[in-house]
Engineer: 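Let me give you the structure first, and then I'll get to my questions.
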Amino acid sequence: MTERNPVRLDGKVAIVTGSGRGLGRAYVQALAAAGAAVVVNDIDADVAEKTAEEIRGAGGRAVAEVCAVGSAESADALVGRAVSEFGRLDVMCTNAGALRDRTLVKVTDEEFDLVVDSHVRGTFTCGRAAVRRFREQGGGGRLILVGSPAGQYGGFGQTAYAASKAAIIAMVRVWSVETAKLGVTVNAIVPTALTRMAATIPALTEAVAAVEAGGPVPADLRRRGIGTVEDVAPLVVYLSSDEAAGVTGQYLGFGGDKFAIWAHPKEAFVTHRDGGWSADQLAEDFAGFTEHLQSHTPPGR
């Protein structure tokens, strides 16, 4: 068997939003280790600079840009920093976002707006700023958006978060078509890992604590797709590389020992009635449709 060359990102420049800690930190460290120059972004200046310093200490190239994603000004500042420091931009990974778990009747307007602004508007403005730069450079580039199982299945108490993550998947569908002529690929990763956020889930609290104490992830969790933040980072490196030039418009689940390709939505059942339906006719016919109704309970719950 011929040994393949390692995936490298030498000469490429990447931005990862929300990369001072957690999954974002793992992404930006892996990109730098593969040879990319990186812009570390976070709202916490201390953690952003610490992560950038760690990368530089390991021989990589990194700068910290402190801002909250959402506004066009923040997106332009991130792209501008990449260009002023490293001369170009090749990869935008939109990882940043807030979380405020509340059931429907308890979520406030302010909490909803915060989550949607950071995830949806933050992804939109950063994606737009990146594609504008890709076009100025003559085409090519990578948009790596970050989804969540909550955006695919929903999640109790996650009205704003699940809606935001579902919207990000919709952006993949649109942007992958719109940017194809520029040679830009657009994909979403749907990561699962034992993070601080996962620690709020009772079934995972002990596992998160064990991993933070230096212990291994239980084999059954890894098989289900739940591992460390470092387990997810290779997918970001791969999607950033020249090797992934033909991969676009996809949502890819990754974590632990599991890799998944999510299906695009499709009609589960179709029928026709000449002249259409009245409400009375629907009431009569619907008994024959119920076997096709879809489960709304996520697998394993």
Side-chain angles (χ1 to χ4, degrees), residues 15-19 22-24 27 41 43 67-76 78-79 91-104 106-132 141-180 184-193 195 197 232 235-236 239 247-255 260-267 294 296 298:
I15 297 168
V16 180
T17 65
S19 50
L23 280 165
Y27 302 157
N41 161 254
I43 58 174
C67 63
V69 299
S71 70
E73 291 76 15
S74 291
D76 290 341
L78 285 165
V79 172
V91 180
M92 172 67 80
C93 177
T94 57
N95 172 73
L99 180 66
R100 295 291 186 274
D101 280 2
R102 298 284 189 276
T103 56
L104 175 60
K106 293 182 179 179
V107 66
T108 67
D109 291 358
E110 293 76 18
E111 289 167 336
F112 184 88
D113 289 346
L114 173 66
V115 174
V116 172
D117 253 16
S118 61
H119 288 282
V120 181
R121 184 172 291 277
T123 297
F124 160 64
T125 55
C126 288
R128 180 179 62 185
V131 171
R132 285 173 173 170
R142 303 284 185 267
L143 290 184
I144 302 172
L145 314 186
V146 179
S148 167
Q152 307 296 92
Y153 291 124
F156 187 90
Q158 294 188 322
T159 292
Y161 182 71
S164 297
K165 289 304 189 181
I168 287 169
I169 297 300
M171 290 179 183
V172 170
R173 297 180 195 134
V174 176
W175 293 355
S176 60
V177 174
E178 290 184 349
T179 64
V184 174
T185 67
V186 186
N187 296 285
I189 61 173
V190 182
T192 50
T195 61
M197 187 183 300
V232 183
L235 181 58
V236 176
L239 290 175
V247 181
T248 194
Q250 304 301 308
Y251 350 121
L252 306 172
F254 207 56
I261 298 175
W262 285 86
H264 295 290
K266 60 182 181 180
E267 296 169 325
Q294 304 296 292
H296 62 279

Engineer: Does A96 offer a backbone N or O that forms a donor-acceptor pair with the side chain of T17 under 3.5 Å?
Structural biologist: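 Yes, because the side chain of T17 sits within donor-acceptor range (under 3.5 Å) of the backbone of A96.
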
Engineer: Verify side-chain contact (heavy atoms from CB on, under 4.5 Å) between V146 and K165, making sure each step is shown before the conclusion.
Structural biologist: CA-CA 8 Å; V146 179; K165 289 304 189 181; 4.1 Å; yes

Engineer: Are more than 12 heavy atoms, taken from residues, nucleotides or ligands other than L114, located less than 6.0 Å from that residue's CG atom?
Structural biologist: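 Check passes, neighbour count above 12.
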
Engineer: Would you say S164 and R121 make side-chain contact, with heavy atoms under 4.5 Å?
Structural biologist: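 No, side chains not in contact.
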
Engineer: Consider side chain to side chain contact (heavy atoms under 4.5 Å, CB included). Of N95, L78, V91, which one does I15 pass it with?
Structural biologist: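 Among N95, L78, V91, the one meeting side chain to side chain contact (heavy atoms under 4.5 Å, CB included) with I15 is L78.
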
Engineer: Does V186 offer a backbone N or O that forms a donor-acceptor pair with the side chain of T248 under 3.5 Å?
Structural biologist: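 Judged by distance alone, yes, a pair lies under 3.5 Å.
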
Engineer: Could you tell me if the side chain of Q152 sits less than 4.5 Å from the side chain of I169, heavy atoms only?
Structural biologist: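 Touching, per the 4.5 Å side-chain cut-off.
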
Engineer: Using the test ring-ring contact (aromatic ring centres under 6.0 Å, His included), find all partners of Y251 that sit at least two apart in sequence or belong to another chain.
Structural biologist: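 Partners of Y251 by the ring-ring contact (aromatic ring centres under 6.0 Å, His included) criterion, ordered by chain and then number, come out as H264.
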
Engineer: Less than 4.5 Å apart, side chain to side chain, heavy atoms only: is that true for C67 and I43?
Structural biologist: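 SC-SC contact between C67 and I43 ruled out.
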
Engineer: Under the side-chain contact (heavy atoms from CB on, under 4.5 Å) rule, what do T123 and W175 come out as? Steps first, then yes or no, please.
Structural biologist: CA-CA 12 Å; T123 297; W175 293 355; 4.1 Å; yes

Engineer: Tell me every residue that passes side-chain hydrogen bond (donor to acceptor under 3.5 Å, both in side chains) with R102, counting only those two or more places apart in sequence or in another chain.
Structural biologist: E111

Engineer: Under the 3.5 angstrom rule, does the side chain of N187 hit a backbone N or O of L252 as a donor-acceptor pair?
Structural biologist: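 Looks like no, no N/O pair under 3.5 Å.
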
Engineer: Do the non-hydrogen side-chain atoms of N41 and V69 ever get within less than 4.5 Å of each other?
Structural biologist: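 Side chain of N41 against side chain of V69, heavy atoms only: contact under 4.5 Å found.
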
Engineer: Keeping the roles fixed (side chain from K106, backbone from D101), state whether a donor-acceptor pair exists under 3.5 Å.
Structural biologist: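 The answer is no, because no donor-acceptor pair under 3.5 Å joins these two groups.
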
Engineer: Name all residues meeting the side-chain hydrogen bond (donor to acceptor under 3.5 Å, both in side chains) criterion together with S74; count only those two or more places apart in sequence or in a different chain, and write none if there are none.
Structural biologist: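 Testing S74 for side-chain hydrogen bond (donor to acceptor under 3.5 Å, both in side chains), a comparison that skips the adjacent residues, returns S71.
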
Engineer: Who pairs with A166 by side chain to side chain contact (heavy atoms under 4.5 Å, CB included), at least two apart in sequence or on another chain?
Structural biologist: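 Not a single residue meets the side chain to side chain contact (heavy atoms under 4.5 Å, CB included) criterion with A166.
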
Engineer: Rounded to the nearest 0.5 Å, what's the gap from OG1 on T185 to CD on Q250? Could you check?
Structural biologist: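 Between T185 OG1 and Q250 CD, I get 10.5 Å after rounding to 0.5 Å.
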
Engineer: What are the two closest heavy atoms between A160 and F112, and how far apart are they?
Structural biologist: CB-CD1, 3.6 Å

Engineer: Let me see the working for Y27 and S19 under side-chain contact (heavy atoms from CB on, under 4.5 Å), right down to the final yes or no.
Structural biologist: CA-CA 7 Å; Y27 302 157; S19 50; over 6 Å; no

Engineer: Partners of A130 by side chain to side chain contact (heavy atoms under 4.5 Å, CB included), sequence neighbours excluded?
Structural biologist: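 By the side chain to side chain contact (heavy atoms under 4.5 Å, CB included) rule, A130 matches L89, M92, F134, L143.
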
Engineer: I189 and V236: side-chain contact (heavy atoms from CB on, under 4.5 Å), yes or no, with the steps?
Structural biologist: CA-CA 8 Å; I189 61 173; V236 176; 3.8 Å; yes

Engineer: Residues in salt bridge (charged side-chain N to carboxylate O under 4.0 Å, His left out) with R100, at least two apart?
Structural biologist: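 Salt bridge (charged side-chain N to carboxylate O under 4.0 Å, His left out) check on R100 returns nothing, list empty.
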
Engineer: I need the M171 CE to S176 OG distance, nearest 0.5 Å.
Structural biologist: 13.0 Å

Engineer: Heavy atoms, side chains only, cut-off 4.5 Å: are R142 and L239 in contact?
Structural biologist: no

Engineer: Which heavy atom in V16 sits nearest to a heavy atom in G24, and how many Å separate them?
Structural biologist: CG1-O, 3.9 Å

Engineer: Any side-chain heavy atom of F124 within less than 4.5 Å of one from V120?
Structural biologist: no

Engineer: Less than 4.5 Å apart, side chain to side chain, heavy atoms only: is that true for V232 and L23?
Structural biologist: yes

Engineer: Could you tell me whether the side chain of P191 reaches within less than 4.5 Å of the side chain of F254, counting heavy atoms only?
Structural biologist: no

